[in-house]
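Everything on this sheet refers to the single structure shown next.
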Amino acid sequence: MTGRIHSVQSLGAVDGPGLRYVVFMQGCPLRCAYCHNPDTWPFDGGEEMDADRLVTQILRYRPYFGENGGVTVSGGEPLSQAGFVEELFAKLHRHGIHTALDTSGIGEPTAAARVLQHTDLVLADLKFLDTANYLKYCRADFHAVERFLALTAQLNVPLWIRHVVVPGVTDSLDHLRAVQEKAQSYPNLQKIEWLPFHTLCLEKYERMGLIFPLAGTPPMEQARLDALLLQIQQN
């Protein structure tokens with residue numbers, strides 16, 4: 001089976017445990033207000049690639065990521081090409097390679113379940129906690145995200161939940177506490193990653209002739225984020 005690949009990163013250090021070979025899939029149905037890769041949105045972009053060819057390419061880097069790392073498939077939205085990701089992960093498992101799925105959780109449930117059968121870790125972007133904000137900021141269905149997260153728990157796939165902290169949008173203490181509580185409600189949760197909002201993507205939006213929805217929002221300073229997280233841990 002072939003898939004449409006936006007790009008690859010041969011040695012990533014922030015997309016799962018250890019060093020990772022990261023595959024960025026092309027195409028995404030969401031339009032998140034703070035998306036930093038709008039070039040991954042179109043489904044007709046990227047390079048068409050056969051799963052066997054990609055596995056051969058990945059195996060060249062195995063000496064670098066070894067037993068402590070592996071392969072992460074990100075996006076775009078990888079569940080939009082679930083059949084390809086399922087085949088890729090199954091082939092990687094035959095080589096004993098750890099697989100991680102970096103996803104918004106938006107995808108057809110049956111196809112997502114087949115992907116999860118070959119997934120060692122899910123990195124789930126939990127963007128908001130209610131239907132209204134998911135529609136407003138992502139054009140996505142919060143209930144679909146909840147269904148996917150419940151599926152990871154049902155299949156007992158280890159889960160890391162990621163949440164972008166945006167000044168004036170998702171940085172209140174009440175909101176952060178609610179995200180933490182929601183994440184901890186899943187028995188397969190291993191970790192919460194709090195990601196500071198940044199504006200490094202502005203040049204890309206300008207080059208593509210797109211308006212960045214959160215233009216004018218300042219980056220989240222790491223020191224302030226650390227202080228907020230300390231407060232929610234103390235209460």
Side-chain angles (χ1 to χ4, degrees), residues 12-18 20 22 30 32-36 68-70 72-75 77-79 85 89 98-107 109 112-113 115-138 140-198 219-235:
V14 295
D15 297 287
R20 316 291 300 181
V22 186
L30 281 71
C32 298
Y34 46 74
C35 178
H36 56 281
N68 296 321
T72 299
V73 173
S74 185
E77 173 46 63
L79 291 179
V85 178
F89 277 6
H98 182 277
T99 60
L101 179 72
D102 182 4
T103 177
S104 68
I106 300 295
V115 173
L116 292 177
Q117 295 292 341
H118 306 284
T119 301
D120 297 309
L121 173 67
V122 169
L123 311 175
D125 298 314
L126 180 60
K127 302 172 188 296
F128 294 92
L129 293 174
D130 61 88
T131 299
N133 278 316
Y134 253 96
L135 286 173
K136 177 180 179 181
Y137 289 104
C138 305
D141 179 4
F142 175 52
H143 299 300
V145 177
E146 289 190 302
R147 285 194 298 270
F148 176 78
L149 291 173
L151 183 61
T152 70
Q154 178 185 335
L155 297 175
N156 198 31
V157 182
L159 175 67
W160 292 8
I161 282 186
R162 292 173 150 184
H163 184 72
V164 179
V165 183
V166 183
V169 180
T170 59
D171 64 337
S172 74
L173 287 176
D174 286 344
H175 174 78
L176 296 177
R177 290 190 185 103
V179 170
Q180 179 175 265
E181 182 179 348
K182 179 69 171 177
Q184 291 174 344
S185 71
Y186 295 100
N188 55 326
L189 179 74
Q190 291 188 341
K191 183 179 183 179
I192 304 175
E193 290 190 322
W194 306 95
L195 308 178
F197 168 78
H198 63 74
M220 171 58 70
E221 296 180 358
Q222 187 63 52
R224 179 166 179 263
L225 176 57
D226 290 342
L228 288 170
L229 297 179
L230 181 60
Q231 289 186 66
I232 69 170
Q233 297 302 329
Q234 289 177 338
N235 295 318

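- For the pairing with L79, the side chain to side chain contact (heavy atoms under 4.5 Å, CB included) check across V85, I106, L101 returns one residue only, L101.
- Residues Q190 and W160 share a closest heavy-atom pair of OE1-NE1, 3.4 Å.
- Separating the CG atom in L30 from the NZ atom in K127 is a distance of 6.5 Å, to the nearest 0.5 Å.
- To the nearest 0.5 Å, atoms CG (L149) and OG (S185) are separated by 8.5 Å.
- Listed here is the closest heavy atom pair of V73 and F89: CG2-CE1, 3.4 Å.
- Separation of atoms CG (D226) and CE (M220) is listed at 10.5 Å; rounding is to 0.5 Å.
- Using a cut-off of 4.0 Å between Lys/Arg side-chain N and Asp/Glu carboxylate O, D15 and R162 are scored as salt-bridged.
- Shortest non-hydrogen contact noted between C138 and C32 is SG-SG, 3.7 Å.
- Scanning all heavy atoms of the two residues, the minimum distance from L189 to A183 falls at CD2-O, 3.3 Å.
- Atom CD of E181 has 12 or fewer neighbouring heavy atoms from other residues, nucleotides or ligands inside a 6.0 Å radius.
- At most 12 heavy atoms of other shown residues, nucleotides or ligands fall within 6.0 angstrom of atom CG in N68.
- The side-chain heavy atoms of V122 and F148, taken from C-beta on, include a pair separated by under 4.5 Å.
- Here the shortest heavy-atom pairing between A178 and L129 reads CB-CD1, 3.5 Å.
- For R224, the salt bridge (charged side-chain N to carboxylate O under 4.0 Å, His left out) partners are D171, not counting sequence neighbours.
- The two atoms that bring V157 and L116 nearest to each other are CG2-O, 3.9 Å, heavy atoms only.
- Tested against H163 for a side-chain hydrogen bond (donor to acceptor under 3.5 Å, both in side chains), the candidates E193, H175, Q180 yield a single pass: H175.
- Within the model, atoms NE2 of H98 and OG1 of T119 stand 9.5 Å from one another, a figure rounded to the nearest 0.5 Å.
- Panel note: side chain E77, backbone S104; a donor-acceptor pair is recorded below 3.5 Å.
- Put simply, the side chain of T170 gets close to the backbone of V164: a donor and an acceptor are under 3.5 Å apart.
- Between the CD1 atom of I161 and the CG atom of L126 there is a distance of 5.5 Å, given to the nearest 0.5 Å.
- Partners of D125 under the salt bridge (charged side-chain N to carboxylate O under 4.0 Å, His left out) rule, at least two apart in sequence or in another chain, do not exist in this structure.
- Taking the six-membered ring for Trp and thresholds of 30 and 60 degrees, Y34 and F128 have ring planes inclined between 30 and 60 degrees apart.
- T72 and D102 share no side-chain donor-acceptor pair at under 3.5 Å.
- With hydrogens and angles disregarded, no donor-acceptor distance shorter than 3.5 Å links the side chain of S74 to the backbone of V22.
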Going through the distances and angles, do Y137 and V166 end up as a side chain to side chain contact (heavy atoms under 4.5 Å, CB included)?
CA-CA 12 Å; Y137 289 104; V166 183; over 6 Å; no

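- K191 contributes atom NZ, which lies 9.5 Å from atom CG of L121 (distance to the nearest 0.5 angstrom).
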